[in-house]
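Let me begin by presenting the structure, written as structure tokens, before commenting on it.
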Amino acid sequence: MVKPLLIKAVELARKGKALDIGAANGYDSLFLACKGFNVTAVEKDEYLSKEISDMNLEKIHVFNQNISSFNFEKYTLINCCFVLHFLKNKTRGIIKKIQQSTAKDGVNVIITFLNEGEFNNKHEGLLKPNELKEMYSDWEMIVYAEKFVQTKEKNKDGSVKEQKAAFLLAKKSN
Ligand SMILES: C[S@@+](CC[C@H](N)C(=O)[O-])C[C@H]1O[C@@H](n2cnc3c(N)ncnc32)[C@H](O)[C@@H]1O
């Protein structure tokens, strides 16, 4: 299912260059390309990057690379969903890089786990509740929500781990 935040984001953003961070098999990238964006998909997993490249689409440029060493350009839309928890102490720096690399009137979509829930410190550097919102205090906030979601990880008793996540869609209006 296409993420509702991404559907809203493409309505708001000027068609131009979009960056999809941690693109996995390119599901979001493909949606953005179909909506008229020239997409740069950055994915550090070689197998997944190849899945995107194999689609052979002119509108999607794939970089099999760690986002920490990626050379950002300017984008009208940046999508970064369920990736920041892998970045540990680099998380906040990457968010700043995302903000700086967004063109005026461009939009950011970020969905990320926060440091509340059953991960129990498994992932370092998770943002605190409201921290992401504060980092976007000088942007136009279109959507901001925090709620517990089911993760792909399991507890010892087999139950699915739940973790608080932040959902953000913001526009760079200054
Ligand atoms: C949980 S998946 C999320 C995929 C997709 N963004 C989505 O919302 O469905 C996280 C993806 O980010 C990639 N990833 C993790 N750390 C990364 C990094 N430092 N640089 C680039 N990609 C990364 C993983 O390989 C994986 O494909």
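Whatever order the structure lists them in is the order used to number ligands and atoms, beginning at 1. On a predicted model such as this, the values are computed, not experimentally measured, just so you know. For reference, positions follow the sequence shown, starting with 1.
Taking the ring centre of F167 as origin, the terminal cationic atom of K147 falls inside the region bounded by 6.0 Å and 45° from the ring axis.
When only interatomic distances are considered, the shortest N/O to N/O separation between D45 and ligand 1 does not fall below 3.5 Å. Considering backbone and side-chain atoms together, F86 places no N or O closer than 3.5 Å to any N or O of ligand 1. Residue-to-ligand polar distances place I67 within reach of ligand 1: an N/O pair is separated by less than 3.5 Å.
From the protein, the heavy atom lying nearest to atom 22 (N) of ligand 1 is K44 N, 3.3 Å. Among all protein heavy atoms, the one lying closest to atom 3 (C) of ligand 1 is C81 O, 3.6 Å. The protein non-hydrogen atom at the shortest distance from atom 25 (O) of ligand 1 is E43 OE2, 2.5 Å. Of the protein's non-hydrogen atoms, G22 O, 3.4 Å is the one closest to atom 5 (C) of ligand 1.
Distance alone, capped at 3.5 Å, places no donor-acceptor pair between the K172 side chain and the N108 backbone. Between the side chain of E116 and the backbone N or O of Q163 there is no donor-acceptor pair closer than 3.5 Å.
Checked options N79, D20, T40; the residue passing with S29 is D20 (criterion: side-chain hydrogen bond (donor to acceptor under 3.5 Å, both in side chains)). Tested against L30 for a side chain to side chain contact (heavy atoms under 4.5 Å, CB included), the candidates M55, K59, K35 yield a single pass: M55.
Interface of N66 with ligand 1, defined as ligand atoms under 4.0 Å from a residue heavy atom, comprises 18 (C), 19 (N), 20 (N). Close approach of ligand 1 to Q65 is summarised as follows: ligand atoms under 4.0 Å from at least one heavy atom of the residue are 20 (N), 21 (C). Against a heavy-atom cut-off of under 4.0 Å, L48 is close to the following atoms of ligand 1: 27 (O). Counting the atoms of ligand 1 from 1 in the order shown, those under 4.0 Å from a heavy atom of K3 are 7 (C), 8 (O), 9 (O). Atom numbering of ligand 1 starts at 1 in the shown order; those under 4.0 Å from a heavy atom of L87 are 19 (N). Listed by atom number, the atoms of ligand 1 under 4.0 Å from A24 heavy atoms are 4 (C), 27 (O).
With a 4.0 Å cut-off on non-hydrogen atoms, K152 does not touch ligand 1 at all.
Distances from atom 2 (S) of ligand 1 to the heavy atoms of Y47, F113, Y27, F82 put F82 nearest.
To the nearest 0.5 Å, atom CG of residue L87 and atom CG of residue L126 are 10.5 Å apart.
Contact check on K3 versus D28 returns a salt bridge, with a Lys/Arg side-chain nitrogen under 4.0 Å from an Asp/Glu carboxylate oxygen.
Taking the six-membered ring for Trp and the full ring otherwise, the centers of F119 and F113 sit less than 6.0 Å from each other.
Hydrophobic clustering (side-chain heavy atoms under 4.5 Å, transitive across Ile, Leu, Val, Met, Phe, Trp, Tyr) groups V39 together with L12.
If you check the side chains of H123 and E153, you find a donor sitting under 3.5 Å from an acceptor.
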